[in-house]
Protein chains: 2
Amino acid sequence: MKGRLGEIKEQLARREHRLTPQREAIVRLFLERPDEHLSADEVFTHIRARLPEIGLSTVYRTLELLAELGILQKLDFGAGRSQYELSLPDAGHLHHHLICLRCGKIREFQPDGLEELEEAVARETGFEILDHSLRFYGLCEDCRDER
Amino acid sequence: MKGRLGEIKEQLARREHRLTPQREAIVRLFLERPDEHLSADEVFTHIRARLPEIGLSTVYRTLELLAELGILQKLDFGAGRSQYELSLPDAGHLHHHLICLRCGKIREFQPDGLEELEEAVARETGFEILDHSLRFYGLCEDCRDER
DNA sequence: TTAAGTGCAAACCGTTTGCATGGAT
DNA sequence: ATCCATGCAAACGGTTTGCACTTAA
């Protein structure tokens with residue numbers, strides 16, 4: 001039984017990529033907080049605490065690489081910057097987002113019944129559907145009260 | 001019976017805004033193609049054919065204003081630029097997007113059964129849900145064949 | 001007449017890229 | 001020795017903003 005980090009190292013090796021200290025630090029950051037959505041700049045700030053010499057472009061390149069390998073998922077919530085989250089292999093795609101319009105908090109939820117809808121739309125339109133994204137926008141419990 | 005353009009002029013007037021030739025041209029462009037999703041730059045290019053002196057910043061300011069008034073809907077498909085579509089008041093929100101990952105084509109569809117899901121999620125999480133967005137990503141009929 | 005609106009150019013900001021250096025295999 | 005990877009700084013592209021001029025009401 002080897003840890004998630006070991007698996008990732010192998011995934012990288014298979015593509016002739018190395019698990020450098022910078023990459024390891026970034027992967028660890030996401031493994032430590034499996035539920036967070038971090039922007040490149042947030043990652044940069046966190047990592048710099050341990051690796052002060054790291055460059056922002058290394059962060060961008062690493063995030064892109066990890067997203068290509070399917071280890072991270074790149075999300076665009078439209079605030080002019082992308083965010084990344086750990087892509088749990090066992091969770092499949094049954095995980096979507098609930099976004100607070102006031103404080104920006106993001107929660108996850110698992111919807112049911114999207115598959116049938118997906119099939120119906122595919123049949124109707126001739127599209128081959130490969131992925132989907134469902135988002136609900138609103139006010140979280142805290143922000144609803146403060147209104 | 002006054003046209004849609006007249007209504008929009010009144011909506012603007014209510015907020016002490018004017019319907020200038022530039023704004024009228026932009027509104028007309030969207031009214032002429034109710035099903036398209038246009039970026040600021042595409043709008044700029046189209047309008048410049050009739051109003052060569054128009055500035056790109058005017059386009060941006062107008063799009064923002066029209067979105068604020070609910071006349072346009074701002075969409076972010078994550079390609080680094082926003083797109084705008086006419087927001088038909090009668091269509092409500094039952095209109096979602098199907099995006100081709102190969103050619104970027106965007107189609108609309110109307111899903112059913114999202115309301116129940118929305119209520120269930122609201123109950124579970126304490127969120128007050130105000131809006132939602134459902135997107136399917138895949139290959140359109142043309143691109144599927146060319147593969 | 002006067003506040004809203006415009007065009008232009010510069011600023012902005014997240015992201016990408018070119019390049020010389022550094023390090024793992 | 002080779003080639004992947006890094007840090008830095010410059011470039012990039014969509015968007016926003018400051019400002020003097022213009023114009024619709």
Side-chain angles (χ1 to χ4, degrees), chain A residues 5-6 8-27 37-69 71-84 104, chain B residues 5-6 8-27 29 37-69 71-72 74-84 104:
Chain A
L5 198 62
I8 290 170
K9 181 165 185 178
E10 285 179 17
Q11 265 185 81
L12 286 167
R14 239 172 276 136
R15 297 252 231 131
E16 333 255 73
H17 289 303
R18 301 164 190 163
L19 184 59
T20 61
Q22 291 89 334
R23 288 178 182 167
E24 183 173 333
I26 292 173
V27 170
H37 310 80
L38 302 169
S39 67
D41 200 66
E42 286 166 343
V43 171
F44 181 54
T45 304
H46 276 113
I47 301 297
R48 218 167 20 169
R50 284 201 252 162
L51 281 178
E53 6 38 271
I54 198 172
L56 183 53
S57 48
T58 300
V59 172
Y60 275 105
R61 285 188 276 233
T62 301
L63 294 174
E64 191 189 359
L65 176 62
L66 294 174
E68 255 177 59
L69 293 174
I71 293 159
L72 296 181
Q73 176 117 26
K74 185 176 185 174
L75 303 169
D76 189 347
F77 292 115
R81 66 215 217 305
S82 295
Q83 293 181 255
Y84 295 80
Chain B
L5 197 61
I8 289 171
K9 182 166 184 176
E10 286 180 16
Q11 265 185 84
L12 285 167
R14 241 172 273 137
R15 299 250 232 132
E16 333 256 70
H17 288 303
R18 302 164 189 165
L19 185 60
T20 61
Q22 292 89 335
R23 289 179 182 166
E24 183 172 334
I26 291 172
V27 170
L29 177 64
H37 309 81
L38 302 170
S39 68
D41 200 68
E42 287 166 344
V43 172
F44 182 54
T45 303
H46 276 112
I47 301 297
R48 221 170 15 172
R50 282 201 252 163
L51 281 178
E53 6 37 271
I54 198 172
L56 182 54
S57 47
T58 299
V59 172
Y60 274 105
R61 286 188 276 233
T62 300
L63 293 174
E64 192 190 358
L65 177 62
L66 294 174
E68 253 176 61
L69 293 174
I71 294 159
L72 295 181
K74 186 176 185 175
L75 303 169
D76 190 346
F77 293 115
R81 66 214 218 306
S82 295
Q83 293 182 254
Y84 295 81

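Residue numbers begin at 1 in each chain, while the letters A, B, ... track the order of the sequences.
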Collect all protein-nucleotide pairs involving nucleotides 11-16 of chain D in which both atoms are nitrogen or oxygen and the distance is under 3.5 Å.
from: D/dG14; atom 1: O3'; to: B/G80; atom 2: O; distance (Å): 3.4
from: D/dT15; atom 1: OP1; to: B/S82; atom 2: N; distance (Å): 2.8
from: D/dT15; atom 1: OP2; to: B/Y60; atom 2: OH; distance (Å): 2.3
from: D/dT15; atom 1: O5'; to: B/Y60; atom 2: OH; distance (Å): 3.2

Return no unless some side-chain N or O of B/Q22 is found under 4.0 Å from OP1 or OP2 of D/dT23. no

For B/T20 and C/dA4, is the shortest distance between a side-chain N/O and OP1 or OP2 below 4.0 Å? no

State, to 0.1 Å, how close B/L51 and B/A25 come at their nearest heavy-atom pair, and which atoms those are.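 So the minimum-distance heavy-atom pair works out to CD1-CB, 4.0 Å.
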
Qualifying residues under side-chain contact (heavy atoms from CB on, under 4.5 Å), relative to B/S39, sequence neighbours excluded: B/D41, B/E42, B/R81, B/Q83

By side-chain contact (heavy atoms from CB on, under 4.5 Å) - contacts of B/E64 (at least two apart): B/E68

Using the side-chain heavy atoms of B/H17, tell me which of these nucleotides is nearest: D/dG7, C/dT6, C/dA4. C/dA4

Atom pairs under 3.5 Å, N or O on each side, protein against nucleotides 19-25 of chain C: can you list them with distances?
from: C/dG23; atom 1: N2; to: A/R18; atom 2: NH1; distance (Å): 3.4

Give the angle between the helix axes at the two ends of the helix from C/dT1-D/dA25 to C/dT25-D/dA1, taking five base pairs at each end and rounding to 10°. 30°

Please determine which of B/E10, B/Q11, B/E24 meets the side chain to side chain contact (heavy atoms under 4.5 Å, CB included) test together with B/L19.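 Testing each of B/E10, B/Q11, B/E24 against B/L19, the sole residue satisfying side chain to side chain contact (heavy atoms under 4.5 Å, CB included) is B/E24.
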
Just to verify, which of A/T62, A/V59, A/V43 counts as forming a side chain to side chain contact (heavy atoms under 4.5 Å, CB included) with A/I54?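 Between A/I54 and the candidates, side chain to side chain contact (heavy atoms under 4.5 Å, CB included) is satisfied uniquely by A/V59.
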
4.5 Å side-chain heavy-atom contact, A/L63 and A/L38: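 Of all side-chain heavy-atom pairs linking A/L38 with A/L63, none is under 4.5 Å.
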
A side-chain contact here means heavy atoms from C-beta on lying under 4.5 Å apart; do A/Q22 and A/I47 qualify? no

Taken to the nearest whole Å, CD1/A/I54 to P/D/dG7 is 5 Å

Write out all pairs satisfying ring-ring contact (aromatic ring centres under 6.0 Å, His included) with one or both partners inside residues 37-57 of chain B, taking only residues at least two apart or from two chains.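 Listed by first then second residue: B/H37-B/H97.
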
Any chance you could lay out the side chain to side chain contact (heavy atoms under 4.5 Å, CB included) test for B/L65 and B/R15, step after step, and finish with the verdict? CA-CA 11 Å; B/L65 177 62; B/R15 299 250 232 132; 5.7 Å; no

